[in-house]
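Down below is the structure, laid out as structure tokens.
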Amino acid sequence: MNPFADTLQSLRDAFNSGRTRPAEFRAAQLEGLSRFLKENRDALLAALAQDLHKSPFESEISEISICQSEINMALNNLRSWMKDEHVSKNLATQLDKVFIRREPYGVVLIISPWNYPLNLILVPLVGAIAAGNCVVLKPSEMSKSVEKIISERLPCYLDKDCFSVVLGGPQETSSLLENKFDYIFFTGNPSVGRIIMAAASQYLTPITLELGGKNPCYVDDNCDPQNVANRVAFFRFFNAGQTCVAPDYLLCSQQMQEKLLPALQNAVTQFYGKDPQSSPDLGRIINDKHFQRLRGLLGSGQVAIGGQSDEEERYIAPTVLVDVKETDPVMQEEIFGPILPILNVQSIDEAITFIRKREKPLALYTFSNDSEVVHQMLEHTSSGGFCGNDGFMHMTLTTLPFGGVGNSGMGMYHGKFSFDTFSHQRACLLRSSGLEKLNSLRYPPYAQRSLGLLLSTVEISRRSQCTLL
Ligand code: NAD
């Protein structure tokens, strides 16, 4: 028997009892989440520091505050999100009630990674609760201190019959995935995404895949090198570069590279001091395996800034690499660490060709004083999100969908998009049981003259040709 079968059966029973559906229940769980964040704030900050050497500043803005905003947004809008959406009708349905009902899927699974271990489990959870689902949470086994708080303390703030935390790594998750879920929400790397998708296909379970990849950052000759360097360095070295939407590599001309290098060095020194290893604001690499992987990538091209590492602390200095070739190891995988390679291109057209040859990224960045250049990049490329003249500011807005495209994922969330992701949109039409005469046109024996009349009640006409309305 599958070790998770009993847990899932009791969640399914709870869902089938209908208790997660009322707005009051959903709001009470969201209030519980809010209390969890407030009452465990210090423990969470300590756990994030322990797992990733995350500074309280970074933890507040990228984990706790984002979760709190999502909770507040859901609480502020829950009742209006839950309302049936009435839609326009054709002539044949004028007397009917026609609407979209957003109903919960049922028992959903949320699997999360280690790099923002609180944010990436709680933000989807907010959407799943708001939409009225029961949930199994599978936090990352790598961010051990946060995993411990999620498994030991979070359940005290939620209805235990409806929400469950499951622990473990790939083996336990594989066994969990043998069970039928009504929705799976996965955040992680694209190769594990394929495993999740294959497991979901067994039951035709709908999924969201929030994946990663290499996010290009094009820097035009027409920009202020120091402004660009400050913004790129901040977003590349935030959380020691372990961010799915971080700029992964820079594309710029040789001339711009010469201006950017001193500016980047200046930004690194301003942010982290002369000895970044002693800065309280610079994170560490999550584990030895990732540390060794990143240390290997330091051998690509030439080190222009940084390059130092310390195995004992899993420290990698904020590093910039130049003379990097497309074929170098650093360009073959998502870097996911504090290393920024620069590759030279002669023009925006060459940058666009370079980007379009590769998988569609999760995020794409373009820096230029010329808005035409920013729009040209936006127009000729595709990515999950796009930001002109900054790093991942676009993902701080709950009014924008967050998600990938192609190899960087499918589906979206944040704010109302999370609620919609965890809801099935049910098409509903309610008709009177009387007025049968109106239906006679459609019944056999079919008459040619009825057809024209019938079609005029259901067919959509081109606006310019419409004579009916
Ligand atoms: P990962 O894919 O290794 O792990 C994610 C989760 O999947 C973990 O909970 C893990 O236990 C589970 N898992 C791992 N291997 C599995 C397997 N074989 N079978 C079943 N489950 C398995 O990812 P990670 O290393 O934790 O995180 C880094 C990746 O996540 C990067 O690629 C990054 O870009 C991506 N990411 C994406 C987003 C986003 O929002 N798109 C956010 C953060 C991270």
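Every heavy atom of this structure was used, including side-chain atoms; hydrogens, water molecules and symmetry mates were not. Whatever order the structure lists them in is the order used to number ligands and atoms, beginning at 1.
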As an exercise, identify every atom of ligand 1 less than 4.0 angstrom from a heavy atom of [X].
{"X": "Ile111", "result": "6 (C), 7 (O), 9 (O)"}
{"X": "Thr173", "result": "20 (C), 21 (N)"}
{"X": "Asn115", "result": "43 (C), 44 (C)"}
{"X": "Leu120", "result": "42 (C), 43 (C)"}
{"X": "Gly212", "result": "34 (O)"}
{"X": "Trp114", "result": "24 (P), 25 (O), 26 (O), 27 (O)"}
{"X": "Ser140", "result": "9 (O)"}

Any salt bridge between [X] and [Y], counting N to O under 4.0 Å?
{"X": "Glu60", "Y": "Arg41", "result": "yes"}
{"X": "Glu326", "Y": "Lys357", "result": "yes"}
{"X": "Arg231", "Y": "Asp224", "result": "no"}
{"X": "Arg102", "Y": "Glu85", "result": "yes"}
{"X": "Glu63", "Y": "Lys54", "result": "yes"}

Quick one: is the NZ or CZ of Arg358 closer than 6.0 Å to the six-membered ring centre of Phe354, and within 45° of its axis? yes
side-chain contact (heavy atoms from CB on, under 4.5 Å) partner of Ile150, chosen from Ser112, Ser140, Pro139: Pro139
Who's the nearest protein heavy-atom neighbour of [atom], and how far?
{"atom": "atom 34 (O) of ligand 1", "result": "Glu334 OE2, 2.5 Å"}
{"atom": "atom 9 (O) of ligand 1", "result": "Ser112 O, 2.8 Å"}
{"atom": "atom 16 (C) of ligand 1", "result": "Val192 CG1, 3.5 Å"}
{"atom": "atom 7 (O) of ligand 1", "result": "Phe186 CE1, 3.4 Å"}
{"atom": "atom 41 (N) of ligand 1", "result": "Leu211 O, 2.7 Å"}

Can you tell which part of [X] has a heavy atom less than 4.0 Å from ligand 1: side chain, backbone, both or neither?
{"X": "Glu141", "answer": "side chain"}
{"X": "Ser191", "answer": "neither"}
{"X": "Ile195", "answer": "side chain"}
{"X": "Leu362", "answer": "side chain"}
{"X": "Phe402", "answer": "side chain"}
{"X": "Thr243", "answer": "neither"}

Would you say Asn189 has any N or O atom under 3.5 Å from an N or O of ligand 1, going by distance alone? yes
Could an N or O of ligand 1 be found under 3.5 Å from any N or O of Lys138, whether backbone or side chain? yes
Where do Tyr249 and Tyr365 land on the ring pair (Phe, Tyr, Trp, His ring centres under 6.0 Å) test, with the steps shown first? CA-CA 10 Å; Tyr249 60 91; Tyr365 305 103; over 10 Å; no
With a 4.0 Å cut-off, strictly under, does atom 4 (O) of ligand 1 pick up any protein heavy atom? no
Between ligand 1 and Gly409, can you find any atom pair, the residue atom being a heavy atom, that is separated by under 4.0 Å? no
Any idea how Phe336 and Trp114 line up, ring-wise: parallel (<30°), tilted (30 to 60°), or perpendicular (>60°)? perpendicular
Parallel, tilted or perpendicular: which describes the rings of Tyr157 and Phe36, with under 30° parallel and over 60° perpendicular? perpendicular
Among Glu313, Glu312, Glu311, which residue meets the salt bridge (Lys or Arg N to Asp or Glu O under 4.0 Å) test with Arg284? Glu313
Got a list of side-chain donor-acceptor pairs under 3.5 Å for residues 116-124, not counting sequence neighbours?
unit_1: Tyr116; atom_1: OH; unit_2: Thr243; atom_2: OG1; d: 2.5
unit_1: Asn119; atom_1: ND2; unit_2: Ser62; atom_2: O; d: 2.8

With distance as the sole criterion, is a donor-acceptor pair present between the side chains of Tyr413 and Glu210 under 3.5 Å? no
